[in-house]
Amino acid sequence: MKLLQDKIIQEGKVLSSTVLKVDSFLNHQIDPQLMKEIGLEFANRFSDQVITKVLTIESSGIAPSVMLGLEIGAPVVFARKRKSLTLSDNLYSSKVHSFTKNETNEISVSHSFIGADDNVLIIDDFLANGEAVKGLLDIAAQAGANVVGVGIVIEKGFQDGGKLLRAQGVRIESLAIVDSLEDGKVTFATGEEK
């Protein structure tokens with residue numbers, strides 16, 4: 001998705017050979033117009049599927065998921081990283097390790113919001129080692145839901161998550177695939193550099 005790649009080139013910051021900071025438009029400050037286009041792109045890429053729920057994880061996956069849900073007319077369910085007083089029973093839960101934050105969280109979704117009659121599309125902001133997606137796949141499996149695919153805003157192609165998940169037969173559509181962050185430059189699968 002050229003619009004997303006351009007935004008990464010203009011505003012993304014390479015912090016190391018494994019960390020790309022995109023907090024000016026995706027996961028701290030949000031660019032609503034870009035999120036609208038991302039939602040439309042995911043809707044187009046998965047137009048061959050009947051989607052009854054969009055499933056994501058708080059918080060960076062929420063904005064692109066809501067725009068997708070708006071586009072296709074499906075509710076968005078997000079896995080919480082911390083249990084609240086109002087969300088304590090009848091939960092599907094899974095443990096997820098964050099590569100960027102180097103911490104493990106137990107994510108949870110209420111039984112009320114996902115079930116065996118759902119066709120679920122999983123959306124997340126980044127795919128690195130695949131831990132968040134694995135946790136969301138686990139929650140969908142616990143619910144007996146059918147996962148139609150996974151949409152990723154930015155995939156770090158140089159890390160193993162995408163390869164491992166695709167090898168397991170998971171359909172993954174990534175809008176931007178970063179091949180390298182070496183020498184402070186973003187190199188996409190297309191070869192474009194920052």
Any sub-3.5 Å donor-acceptor pair from E58's side-chain atoms to K81's backbone N or O?
yes

Distance-only, no hydrogens or angles: does the Q142 side chain make a donor-acceptor pair with backbone N or O of S93 under 3.5 Å?
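A pair under 3.5 Å: yes.
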
[X] side, atom [atom1]; [Y] side, atom [atom2] - distance, nearest 0.5 Å:
| X | Y | atom1 | atom2 | answer |
| --- | --- | --- | --- | --- |
| L55 | D118 | CG | CG | 9.5 Å |
| I51 | E71 | CD1 | CD | 11.0 Å |
| K134 | L137 | NZ | CG | 10.0 Å |
| Q29 | S24 | CD | OG | 6.5 Å |
| S108 | N105 | OG | CG | 10.0 Å |
| K36 | L68 | NZ | CG | 14.0 Å |

List the steps and the verdict of side-chain contact (heavy atoms from CB on, under 4.5 Å) for I57 and L136.
CA-CA 8 Å; I57 191 168; L136 293 170; 4.3 Å; yes

Please determine, by modelled atom types, if N119 and T52 share a side-chain donor-acceptor pair under 3.5 angstrom.
no

Is it possible for you to say whether [X] and [Y] belong to one hydrophobic cluster, with membership spreading through side-chain heavy-atom contacts below 4.5 Å?
| X | Y | value |
| --- | --- | --- |
| F158 | V14 | yes |
| M1 | I123 | yes |
| L164 | I177 | no |
| I30 | V153 | yes |
| L26 | L40 | no |

Minimum heavy-atom separation for [X] and [Y], please, with both atom names.
| X | Y | answer |
| --- | --- | --- |
| V150 | F46 | O-CZ, 3.6 Å |
| I172 | G162 | CD1-O, 4.0 Å |
| Q159 | A128 | OE1-CB, 3.2 Å |
| A176 | I8 | CB-CD1, 4.0 Å |
| S65 | T56 | OG-CB, 3.3 Å |
| A140 | I114 | CA-CD1, 4.2 Å |

Cation-pi check, K53 to F113: give yes when NZ or CZ is under 6.0 Å from the six-membered ring centre and within 45° of the ring axis, no otherwise.
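The answer is no; the distance or angle limit is not met.
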
Stepwise salt bridge (charged side-chain N to carboxylate O under 4.0 Å, His left out) test for R45 and E173
CA-CA 7 Å; R45 290 191 185 203; E173 294 284 340; 3.4 Å; yes

Under the criterion salt bridge (charged side-chain N to carboxylate O under 4.0 Å, His left out), I'd like the reasoning laid out for D6 against K2: C-alpha separation, chi angles, the key distance, then a yes or no.
CA-CA 6 Å; D6 290 348; K2 185 167 183 351; 3.0 Å; yes

Beyond-backbone contact of [X] with [Y], side-chain heavy atoms, under 4.5 angstrom:
| X | Y | answer |
| --- | --- | --- |
| V76 | I62 | no |
| V22 | N27 | yes |
| K13 | V19 | no |
| V186 | L181 | yes |
| L3 | L34 | yes |
| I152 | V133 | yes |

H111: ring pair (Phe, Tyr, Trp, His ring centres under 6.0 Å) partners, not counting sequence neighbours
Y92

Evaluate L127 against L165 for side-chain contact (heavy atoms from CB on, under 4.5 Å), listing each step before the verdict.
CA-CA 10 Å; L127 174 59; L165 290 164; 3.9 Å; yes

Run the salt-bridge test on K21 and D23 with the 4.0 Å N-O cut-off and return the result as yes or no.
yes

Just jot down the salt bridge (charged side-chain N to carboxylate O under 4.0 Å, His left out) partners of K7, sequence neighbours excluded, or say none.
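Scan of K7 (salt bridge (charged side-chain N to carboxylate O under 4.0 Å, His left out), adjacent residues dropped) gives E11, D31.
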
Test of understanding: with salt bridge (charged side-chain N to carboxylate O under 4.0 Å, His left out), list the residues that count as partners of R166, not counting sequence neighbours.
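Scan of R166 (salt bridge (charged side-chain N to carboxylate O under 4.0 Å, His left out), adjacent residues dropped) gives E155.
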
Before you tell me yes or no, could you show the steps for T187 and V178 under side-chain contact (heavy atoms from CB on, under 4.5 Å), namely the whole-Å CA-CA distance, both residues' side-chain angles and the distance that decides it to 0.1 Å?
CA-CA 6 Å; T187 304; V178 175; over 6 Å; no

Would F42 and V54 count as a side-chain contact (heavy atoms from CB on, under 4.5 Å) here? Give the steps.
CA-CA 11 Å; F42 281 136; V54 177; over 6 Å; no

Just wondering, are more than 12 heavy atoms of other shown residues or ligands nearer than 6.0 Å to CG in D48?
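Enclosed.
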
